[in-house]
Each structure stands twice: as C-alpha cells, then as structure tokens.
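Beneath this line is the structure, given in structure tokens, with notes to follow.
Owing to the predicted nature of the structure, the values given are computational and were not obtained by experimental measurement.
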Amino acid sequence: MGGIHPSAVIEPGATIGAEVSVGPFCVIGANVVLADRVEVKSHVVITGNTEIGADTVIFPFAVIGEIPQDLKFKGEQSRLVIGARNRIREHVTMNPGTDGGGGITRIGDDGLFMAGCHIAHDAQVGDRVIVVNSAAIAGHCVLGDDVIIGGLSGVHQFVRIGRGAIIGAVTMVTNDVIPYGLVQAERGRLHGLNLVGLKRRGVSRSDISALRAAFRELEQGRGTFQERTNRLKQGSDSEYVREIVDFVTAHSDRHFLTPGG
C-alpha cells in the first residue's frame, strides 16, 4: 500500500494516483502527475510539467523535471514524460524539453537509469534502455529500444543510437550508431555488433549471420558508407539488416560511426 510521509511536500495541483508512496523529505511540484503505484523514496525532487508512469521507482536524491541545462531556455512551457516500470536510481537528473527541440523529453518503459546518470532536454529514450552509472545523454539525442550505455560514457547532442546497440564504458559517442552496433574506445569507434545482446533476445542464427555479413560489407565493401548501405538494401531480406539500412538512410543531424572509423 502507498502512503505520503508527513515530511513530504506535495504542492497543490499535483496529481497522485492510487497506492502511490512518497517518502520522507520529498518535494512534488504542482504540475507533476504520479501514476498508480509509483514509489518515490526519500529526498527526491520532482518538479515541472512531469508525468511519471505506473510502477516506476525513484531512489533518493534524484531530481526529475528541473529546468533544462540549456542557456537558450527562456522559461517556456515544456514537458518530461516518463513511462511505466522504470527504475531511476540515486542522484539521477532528467530535464524537460525546450522550444528548440519540440518541447518534450520522453522516456519509455522498463528502463534502468543507474546512479548519477543524466538525461538532458529533448532526449527521446526508448523501452528497456539501461544507462549505467554517471553516463550522460546530451540534448536532442535519440536512443532506440534495448540500448545499453556504459558507465562514465557521454553521448553528444543530436546523436541517434539504434535499437539494440551497446556503448562500452568510458566512451564518448559523437556520431550516430547503427542498430545492434558495439561501440567502445575513448573516442567511440564502431567495433562490431552487439552479438551478446542479439543472442539474449533470441534472434535467430540466420538473422545474426545476415547481420554479420552486412557488417562486413559496411566495413570492407567498395565505395562510400552510403553506397555500401544502398547495396545492403538490395541484397538482404533480413528485417534486422533492413532496420540498419533504414536507420542509415533516415535524416540525421550527425555523421555515422563507421566500422573501423
């Protein structure tokens, strides 16, 4: 059963769902919505136009919904929407959007945001994403479903990271990462595929073989990266390979991390 600790501050106007638990010394702002069974442990601040999905747990000293760390932000109305069943650990910060980025930061369902990580303004984060301790996701980034960001890593603003990709620890990612890519090194390099993640998800051996062949073509094939990608479009019927092709050919505000690049 939920409950509000007597020391918690719930500002008038906040929407509190059924069986919500708010611990000692928390502050819940007037425009905050906590869905059913949200658990907010002690010393948490949730402010701004922020929605927290059902069954999410927020751990001590997290600050959720405070204004963006963007000098262009001038106090405009913007939102932070967090999905269901997320685990937001100690000292995590998540900011709402800005006019320049569409006005909303969105977090999907079933994520794990480990201690000290940061999600900046206008980021779009998919489902089942894991952001490890002290990693930082800059403004306007897009993280697909099932992405893992290693500890102490940074993702540059406007970077897209495709579904199922994994970023190693202490890595700076400055360009887009293809779906299922494996990125590591101090200045992130695309070293291969996230084969462990693919196998854990039960991807078939034939699709994994197709992805490996596609990666070899991207790494060793003739022509530019875009030309190699276009050849993949004609040469594979794997839905996973098509996902990489669609990702590369979609609009991007950054370049791509390329194999060996």
Quiz item: Any side-chain donor paired with an acceptor under 3.5 Å for S236 and S238?
Solution: no

Self-check item: Contacts of Y240 that satisfy ring-ring contact (aromatic ring centres under 6.0 Å, His included) - sequence neighbours left out
Solution: Y180

Quiz prompt | Distance-only polar pair, side chains of T105 and D122, donor-acceptor under 3.5 Å | solution = no

Quiz item: Would a 4.5 Å heavy-atom cut-off, applied to side chains only, mark N95 and L80 as touching?
Solution: no

Quiz item: If you link I, L, V, M, F, W and Y whenever their side-chain heavy atoms are under 4.5 Å apart, who else ends up in the same group as L182?
Solution: L112, M114, I130, V132, I148, I166

Quiz item: With side chains defined as the heavy atoms from C-beta onward, is the minimum distance between C117 and S134 less than 4.5 Å?
Solution: no

Exercise. Under the salt bridge (charged side-chain N to carboxylate O under 4.0 Å, His left out) rule, collect the residues that match up with R37, sequence neighbours excluded.
Key: D55

Self-check item: side chain to side chain donor-acceptor pair (under 3.5 Å) against T93, all qualifying residues, sequence neighbours excluded
Solution: H118

Quiz item: Heavy atoms, side chains only, cut-off 4.5 Å: are V177 and V155 in contact?
Solution: no

Under 3.5 Å donor-acceptor pairs involving side-chain atoms of residues 135-145, not counting sequence neighbours:
{"unit_1": "D145", "atom_1": "OD1", "unit_2": "D127", "atom_2": "N", "d": "2.8"}

Quiz item: Which pairs with one or both residues in residues 150-162 pass side chain to side chain donor-acceptor pair (under 3.5 Å), sequence neighbours excluded?
Solution: R160-D176

Self-check item: side chain to side chain donor-acceptor pair (under 3.5 Å): pairs with one or both residues in residues 81-92, sequence neighbours excluded
Solution: R85-D110

Quiz item: Is the closest side-chain heavy-atom distance between V27 and T47 below 4.5 Å?
Solution: no

Quiz item: What residues form a side-chain contact (heavy atoms from CB on, under 4.5 Å) with A35, not counting sequence neighbours?
Solution: A54

Quiz item: Of all residues at least two apart in sequence or in a different chain, which pass the side-chain contact (heavy atoms from CB on, under 4.5 Å) check with V33?
Solution: T15, E51

Quiz item: Mind checking what makes side-chain contact (heavy atoms from CB on, under 4.5 Å) contact with S42, not counting sequence neighbours?
Solution: P24, P60

Quiz prompt | Side chain proximity check, D36 to E19, heavy atoms < 4.5 angstrom | solution = no

Quiz item: Residues in side chain to side chain donor-acceptor pair (under 3.5 Å) with Q77, at least two apart?
Solution: N49

Quiz prompt | Of all pairs that satisfy salt bridge (charged side-chain N to carboxylate O under 4.0 Å, His left out), the ones with a partner from residues 227-245, not counting sequence neighbours | solution = R163-E243, E217-R231

Practice problem: Please examine the side chains of D99 and K74, heavy atoms only from C-beta on, and report whether any two atoms are closer than 4.5 Å. | Solution: no

Quiz prompt | Side chain S7, main chain F25, donor-acceptor under 3.5 Å | solution = yes

